Structure formats: C-alpha cells, structure tokens
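Below you'll find the structure, written out as structure tokens, and then a few comments.
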Amino acid sequence: MPDLLLELRSEEIPARMQRRAAEDLKKLVTDALVERGFLYEGAKAFATPRRLALHVAGLPPRGEAVREERRGPRVGAPEAAVQGFLKSAGLASLDQATTVTDPKKGEFYLAVIERPGRETLDVLAEILPGIIKSFPWPKSMRWGAASAQPGSLRWVRPLQSIVATFGPETETPEVVPFSVDGITAGTVTSGHRFLAPAPFEVRRFDDYVQALERADVILDADRRKDIILHDARDLAFARGLDLVEDEGLLEEVAGLVERPVVLMGSFEERFLEIPAEAIRATIRANQKCFVLRKSGSDELAPAFVLVSNLIASDGGAAITAGNERVVRARLSDARFFWETDKATKLEDRLPKLDSIVFHEKLGTQGERVARIAALAQEIARLVGADPALAERAARLAKADLVTEMVGEFPELQGLMGRKYAALQGEHDSVAAAIEEHYKPVGPSDRVPTDLVSIAVALADKLDTLVGFWAIDEKPTGSKDPYALRRAALGVIRAVIERSLRLSLASLLAGRFATEGSARTADLLAFFADRLKVYLRDQGARHDLIDAVFALPGQDDLLLVVRRVEALGAFLSTDDGKNLLAGFKRAANILRIEEKKDGRAYDEAPDAALAASGEPEERALGEALAAARHEASAAVAAEDFAGAMRALSRLRAPVDAFFEKVTVNADDPALRQNRLLLLNALRAATREVADFSRIEG
C-alpha cells in the first residue's frame with residue numbers, strides 16, 4: 001500500500017509550539033482523508049526546530065466508487081424545492097432523475113449519484129494546500145513581497161520548502177502536485193542549518209529519516225530527549241555528580257536543537273551562597289541549562305549541563321566558555337539581588353504594596369493583604385492555628401513581590417519570602433506560610449500541613465474568589481483568566497485532605513458589599529460544581545453530590561463528602577437499591593396526584609387513620625416515624641452511616657405497602673392519608689439527601 005511523506009520546512013519554530021503543531025498536522029490531514037473515504041493503516045507526525053513532518057502509511061492508491069440514492073421532493077413540488085434538489089444532487093435537469101411511487105406519500109423524484117473512485121494523489125493535491133494555508137498556529141506571520149497581498153500565506157516563521165510524495169515502497173513515489181504561495185511541493189529538502197546545509201533529494205519516509213540522520217538532523221523529538229538525558233547523566237556521573245532532572249526543560253531543549261550535543265560548564269564556588277532555587281532559576285530561565293548536584297547530596301555543584309546544536313571542531317570548548325561567561329554574569333546579578341534583598345526586612349517593604357494595583361476594581365496589593373490578614377485570623381481560630389501567627393504570616397506573604405530576586409524571577413515568589421523571613425528570625429510557621437500560602441497550585445501539588453499555612457492559603461484563595469465574584473468577573477466557558485477554578489479547587493483540597501470543619505457560608509457572609517446573599521449563594525454553587533469535579537475524579541457519582549447539595553445549609557465541604565460517601569455505600573446495597581426504587585415509585589405517584597388535585601401533600605399523615613387501615617399501612621407509618629427520628633438524630637451526630645442504616649429498615653415495609661395497599665382508595669380520607677404516607681417517605685429520605693436527584 002502506498003505511503004504519504006509530507007515535510008514543511010521553515011525558519012525556527014518555537015519549541016513550545018512544536019508538539020501541538022505536529023499533532024495538528026496529523027489530525028488535519030488524516031481527518032480530511034477519512035472524510036473523503038480514504039482509510040489508512042497508521043500515521044505519525046514529527047517536529048524539529050525547522051520542520052514539521054508527517055508519514056501516513058497504508059493509503060489506497062485510488063478511492064472506491066460511490067453509488068448514492070438521494071430522495072428529492074414530491075412530483076409537482078414548488079420550483080424552488082426542485083432547483084435545490086437538482087443543485088444538491090449535481091443534476092442538470094429532472095430528465096436525469098427518476099420518479100418513484102410511495103404508497104403513502106405519492107410520487108417523488110430520486111437521483112442516483114454515481115461517483116467514480118478518485119486517485120489518491122489528486123485528493124492529496126486538493127486537501128494539502130488548504131491545510132497549510134489555514135494551519136492553526138497560535139501566532140503566525142507573513143513575509144516577503146507576497147505579504148502585501150490579501151490572503152497571502154501565514155506561517156509561524158517563513159516557510160522555505162515543501163516535500164510531498166506518494167507511492168508504494170516498491171516503486172518510485174510521485175510528487176503530490178500542488179503549490180502554496182509560490183512554494184511548489186517537490187522532493188528536495190536540506191539538513192542541519194550549519195552542519196549539512198546542502199540540499200538533497202528524498203522520496204519515501206524510510207529514506208527521508210536516514211537522509212536526515214546523515215545530514216545531522218534527528219527527526220524524532222523523543223529520541224532527541226533520550227539522547228540529551230542519557231548523555232547528560234553520563235557526563236555528570238563521569239564527574240562524580242548527579243543531574244537535576246527537569247522534564248519541562250528537557251522538552252524545551254529538545255525543541256531547540258536538531259542534533260543535540262551535551263557539554264558541561266562550571267562556575268565559581270562563591271555563587272553557591274545564593275539559594276539553590278535562585279541558581280537553578282537563573283541557569284534554567286536564561287541559558288536553558290541543567291544544574292547538577294554533588295553525588296548523593298541535595299547540595300548543588302558549581303557546574304551545569306548545556307545542550308548545543310553543533311558538533312564543534314574544538315570539542316565544544318568555545319561554546320562552553322561562552323555559556324560560562326553568560327552564566328557567571330547572570331549569577332553575579334542573582335547574588336547582587338540576594339545581598340540587596342537581605343538588607344531590608346520584609347515588613348519594611350509593605351508600604352510598596354500600596355502602590356501596586358492588584359486589580360483596578362479591587363484595589364492595591366496592600367489593601368488585599370489587609371483583607372487576607374483579617375480573614376486568616378478568623379480561619380485560624382476555626383482550624384486550630386495561632387491567630388497571631390496567621391495574621392503575621394498573611395501580612396508578610398506578599399512582601400517578597402517587591403524584592404529584586406522575585407522581580408527578576410517571578411516563579412520564586414513565596415519561596416524567596418520564606419528564606420528572607422527565616423533570615424530575619426520570623427517564627428517557623430510564619431516563614432513556611434509565606435511560601436505555602438500559594439499551595440496547592442494544581443491537582444498534583446501538595447496541600448500544606450502547617451495549620452498557619454492552611455489558614456493563610458484559604459484566606460488568600462477565598463479573598464480572590466470573593467473579590468472577582470463581587471465585580472462579576474467569573475469564569476465563563478473555557479475562559480478563566482484569574483484561575484478562579486484553581487483557587488476553588490485549592491480550597492476544596494485543603495478542607496478535605498486536612499479534614500477541616502468550616503462553614504463556607506459563614507466565612508463568606510458580609511464580605512460582599514452589595515447583593516450579599518445572592519452572590520454568596522452563587523459562589524457556593526460554584527464550589528459545589530468544583531466539588532463535583534473533584535469527587536468525580538475520585539470516583540464519586542455526580543448525582544449523589546447533587547442529592548446532598550440539594551438539602552439546605554450544605555456548606556461544610558467535609559461533611560458533604562462524608563455524606564456522599566455514606567450515601568454511595570448505602571445505594572450499593574440491595575436495601576439501598578430497593579428503597580430508591582420505592583422512593584421513585586412514591587415520588588411519581590405524588591407528582592401525578594398532586595398535579596391532578598392541584599395541591600401539595602406535604603402535611604404529616606394521620607397516625608390514627610393509618611393504624612385503622614391495612615396492616616402494611618400501619619407498619620409503614622410506624623417504620624417511617626421511627627426511621628425519620630433515628631436518621632435525624634444520626635445526622636445531627638454526623639453519623640451518616642447510622643442514618644443510612646435507619647433508612648435501610650424502611651425497605652421491607654415500603655415493599656409490603658406497595659404490594660398490598662391501593663394508594664388511590666375509594667374513600668377520599670383514606671386516599672389522602674396514604675398519599676401523606678408517601679410524602680412521609682419523601683420527608684424521611686430528605687434527612688440524608690434529596691433522593692429525587694439520584695439517578696436509577
């Protein structure tokens with residue numbers, strides 16, 4: 001079966017865009033082929049700094065013929081309907097259609113459309129130009145004289161050549177005949193910009209990969225990553241050091257080189273006085289280099305690993321020396337920042353926060369810090385932390401934002417604050433909270449363990465949520481520019497994973513200047529949605545969360561989770577499944593009868609009347625009274641498993657009632673009382689959840 005080889009060679013593609021671009025190219029081409037009826041055996045896309053490549057294996061040389069019957073309008077239909085039918089079917093006149101009789105609908109037109117199979121080469125020539133011209137780069141550009149023309153090609157960087165061949169392994173493939181903005185598809189590409197710039201011809205994928213290798217280009221990004229990682233480990237081991245591995249940096253560096261060459265540089269020991277995180281940030285951010293540790297230790301070594309895109313004649317000595325000069329200069333700056341920052345206490349930096357606007361509608365960072373400090377004190381009392389330490393930590397939590405080091409490396413915020421706080425003699429919990437109040441940053445990040453850190457972290461996130469809710473800047477669809485979903489998830493994880501008892505409604509009460517209750521309710525609903533996401537990831541059912549949240553006052557997230565867990569366990573038993581089925585039956589009867597009667601059956605049943613009725617009726621009334629009392633007491637004691645046990649005792653009397661008792665009795669008083677018994681069942685289950693929200 002024939003294969004397709006496509007290469008789009010350009011100037012340097014930013015490393016962060018390469019993976020996505022390769023996947024986009026694969027999806028766009030294969031989707032277009034499948035849409036036209038061309039199936040394939042496999043496809044793989046590749047990216048280097050200067051090219052996107054795609055190999056589609058096992059395409060048929062020709063598409064299959066298609067025969068389609070398309071039904072048209074009735075004979076005698078309006079002319080507009082007839083003309084629309086002719087156009088959609090590709091017919092010149094009704095003479096090319098047939099007339100078919102339907103016993104029910106009469107005569108109508110029918111078009112038989114036969115399309116011969118098309119050559120795959122022609123189909124590729126048709127789809128590839130459009131894909132290239134509309135390629136979804138996050139950022140793109142025009143270039144050259146053609147850029148002045150409307151609709152000219154946009155690409156991430158100037159596109160230089162296109163290779164597009166199609167054919168079987170046993171024959172010489174053909175060039176896919178197309179061009180884009182004057183760039184004609186062919187068989188010629190070139191290798192490494194410096195090591196092998198001469199053009200060469202390629203025909204099929206296997207030849208292409210080997211030819212690139214000879215031209216010092218490693219096509220597969222994962223293979224480039226493996227080379228970098230293993231060579232860096234070996235080089236470090238040879239010097240008695242350990243590589244500090246960094247997957248994000250490894251991915252980025254593999255996207256910067258077509259032929260990776262790993263080298264090692266060094267810097268002076270005196271720079272190790274700088275915090276290790278600052279050294280790593282400096283070397284990583286500015287030079288895209290890996291740092292090293294002394295073997296078997298967490299202490300950094302005065303050395304780094306760099307990745308070159310050249311095989312230098314001097315073994316890389318000049319490249320290494322150049323990187324060492326830049327690293328030395330960057331570390332000198334970092335050392336200056338470190339020494340300068342240490343000279344000023346964090347609390348002395350606080351006035352500067354008053355000049356930094358957090359948000360135009362939410363005031364300055366200084367005003368925000370004051371709100372967080374007050375809220376942190378309040379939360380500290382609830383979680384068992386020292387309120388004074390929580391207030392102190394919150395006051396200092398943002399002070400490192402105005403330090404030199406964080407100004408240069410924003411990713412060090414919090415961490416540098418902790419170091420400066422420790423140096424100036426702050427309490428350990430205060431120093432820890434300055435760093436940890438940002439946590440958890442994402443689903444894989446840890447939740448703080450220190451209660452002072454938790455108090456400040458919750459205060460920071462809740463203030464953010466309240467603030468943006470107050471100005472109607474809530475997440476919409478996929479847009480969440482202020483990471484409010486992440487803030488809510490951080491609150492949820494801290495509360496649940498640290499088993500904290502907090503009433504969110506109480507914490508939020510009074511914090512909205514206008515429409516307080518409505519905004520509080522809306523924010524609590526947002527927490528409910530985020531909790532659903534969190535619990536769903538943990539394997540819980542979303543309908544059970546809805547059933548619990550439907551009850552009033554469910555703002556204690558830990559109790560919600562425990563109630564959902566107990567409800568899920570109960571409904572997995574036979575008693576739970578049967579009681580749910582009985583509830584659904586009762587709810588359906590009540591809904592029908594309430595609609596018919598134009599009233600709600602929401603009063604308590606007459607116990608004496610129930611006692612004088614059928615034995616099953618009397619038994620259900622007694623069981624409901626006992627179960628509701630027991631379930632209510634268990635819920636009050638936060639014994640949700642006990643509440644479920646109480647409800648489980650209703651299974652037998654409910655089953656017996658529906659088997660033996662006619663709800664719609666001829667006696668109106670008896671009928672009404674039996675409907676009220678069903679309402680009592682509804683009320684009893686609402687002690688633990690709204691069973692009407694449960695699926696099944």
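The model shown is predicted, which means the values in this text are computed figures rather than measured ones.
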Pair D667 + R671: basic N to acidic O under 4.0 Å | no

Side-chain H-bond candidate by donor/acceptor type, R368 with T464, under 3.5 Å | yes

Hey, does the side chain of R19 reach the backbone of E251 with a donor-acceptor pair shorter than 3.5 angstrom?
-> no

Rounded to the nearest 0.5 Å, what's the gap from NZ on K660 to CD on E616? Could you check?
-> 6.5 Å

Assess whether atom CG of D666 is packed by more than 12 heavy atoms of other residues, nucleotides or ligands within 6.0 Å.
-> no

Heavy-atom closest contact (V447 atom, P440 atom, distance) | CG2-CG, 4.1 Å

Under 3.5 Å donor-acceptor, N673 side chain and L609 backbone = no

Which atom pairs, one a donor and one an acceptor, fall under 3.5 Å between side chains of residues 371-382 and the rest of the protein, sequence neighbours left out?
from : atom 1 : to   : atom 2 : distance (Å)
R371 : NE     : D463 : OD1    : 2.8
R371 : NH2    : D463 : OD2    : 3.4
E378 : OE1    : R511 : NH2    : 2.5

Is D574 paired with R651 through a side-chain N to carboxylate O contact shorter than 4.0 Å?
-> no

So which pairs with a foot in residues 488-509 pass salt bridge (Lys or Arg N to Asp or Glu O under 4.0 Å), sequence neighbours left out?
-> R493-E497, R501-D556, R501-E638

Using the test salt bridge (charged side-chain N to carboxylate O under 4.0 Å, His left out), find all partners of E107 that sit at least two apart in sequence or belong to another chain.
-> none

Would you confirm whether T98, through its side chain, and L110, through its main-chain N or O, come within 3.5 Å as a donor-acceptor pair?
-> yes

Apply the test side-chain contact (heavy atoms from CB on, under 4.5 Å) to residues D537 and V533: give CA-CA distance (whole Å), side-chain angles for both, the deciding distance (0.1 Å), then the verdict.
-> CA-CA 6 Å; D537 290 344; V533 173; 4.1 Å; yes

Chi angles and distances behind the side-chain contact (heavy atoms from CB on, under 4.5 Å) call for I694, F583 = CA-CA 10 Å; I694 301 173; F583 169 86; over 6 Å; no

Indicate every side-chain donor-acceptor pair of residues 383-390 with a distance under 3.5 Å to a residue at least two apart or in another chain.
from : atom 1 : to   : atom 2 : distance (Å)
D386 : OD1    : A388 : N      : 2.9
D386 : OD1    : L389 : N      : 3.3

Value rounded to 0.5 Å, distance of CG in D450 from CD in E435 = 11.5 Å

Heavy atoms, side chains only, cut-off 4.5 Å: are R519 and L523 in contact?
-> no

For side chain to side chain donor-acceptor pair (under 3.5 Å), just list the numbers for N588 and R585, CA-CA rounded to whole Å, side-chain angles, deciding distance to a tenth of an Å, and then say yes or no.
-> CA-CA 5 Å; N588 286 335; R585 186 174 177 183; over 6 Å; no

Within 6.0 Å of CZ in R71, more than 12 heavy atoms from elsewhere = yes

What one should report as the nearest heavy-atom pair of R645 and D639 is NH2-OD2, 3.9 Å

Where do H359 and F468 land on the side-chain contact (heavy atoms from CB on, under 4.5 Å) test, with the steps shown first?
-> CA-CA 9 Å; H359 186 282; F468 286 106; 3.6 Å; yes

Do side-chain atoms of E594 reach the backbone of Y601 as a donor and acceptor pair under 3.5 angstrom?
-> yes

Considering non-hydrogen atoms only, spot the tightest contact between A488 and R530 and give its length.
-> CB-CG, 3.7 Å

Would a distance-only check, ignoring hydrogens and angles, find a side-chain to backbone donor-acceptor pair under 3.5 Å from R686 to R682?
-> no

d(S429 OG, I454 CD1) to nearest 0.5 Å is 11.0 Å

With side-chain contact (heavy atoms from CB on, under 4.5 Å) as the test, would you mind laying out the steps for V452 and E436 before giving the verdict?
-> CA-CA 10 Å; V452 172; E436 294 180 340; over 6 Å; no

With the side chain counted from C-beta on, respond yes when L681 and L620 share a heavy-atom pair under 4.5 Å apart, and no when they do not.
-> no

Is a side-chain donor or acceptor of D555 paired with a backbone partner of A505 at a separation under 3.5 angstrom?
-> yes

Charged N to carboxylate O below 4.0 Å: is that the case for R541 and D543?
-> yes

Here the ring pair (Phe, Tyr, Trp, His ring centres under 6.0 Å) pairs for residues 518-567, sequence neighbours left out, are W469-F526

Could K596 and E593 be called an ion pair, given the rule that one side-chain N must be under 4.0 Å from one carboxylate O?
-> yes

What closest approach, in Å, do E617 and V661 show between heavy atoms, and which atom pair accounts for it?
-> N-CG2, 4.1 Å

Of all heavy-atom pairs between A689 and L567, which one has the smallest distance, and what is that distance?
-> CB-CD2, 3.7 Å

So how far is it from M644 CE to L647 CG, rounded to the nearest 0.5 Å?
-> 6.5 Å

Say whether, by atom type as modelled, one donor and one acceptor occur between the side chain of K461 and the main chain of H437 under 3.5 angstrom.
-> yes

Can you tell me if CZ on R446 sees more than 12 non-hydrogen neighbours from other groups inside 6.0 Å?
-> yes

Counting heavy atoms not belonging to K44, are there more than 12 under 6.0 Å from its NZ?
-> no

Could you give the distance from NZ (K474) to OH (Y482), rounded to the nearest 0.5 Å?
-> 14.5 Å

Below 3.5 Å, can you tabulate the donor-acceptor pairs from side chains in residues 625-633 to any protein atom, sequence neighbours excluded?
from : atom 1 : to   : atom 2 : distance (Å)
R628 : NE     : E687 : OE2    : 3.2
E630 : OE1    : R649 : NH1    : 2.8
E630 : OE2    : R649 : NH1    : 2.6

Hey, could you give me the CD1/CG distance between I592 and N664, rounded to the nearest 0.5 Å?
-> 9.0 Å

When every non-hydrogen atom of A393 is compared with those of V456, the smallest separation belongs to CB-CG2, 3.9 Å

Parallel, tilted or perpendicular: which describes the rings of F570 and F691, with under 30° parallel and over 60° perpendicular?
-> tilted

Any donor and acceptor pair, going by atom type alone, linking the side chain of K225 with main-chain N or O of E247 inside 3.5 Å?
-> no

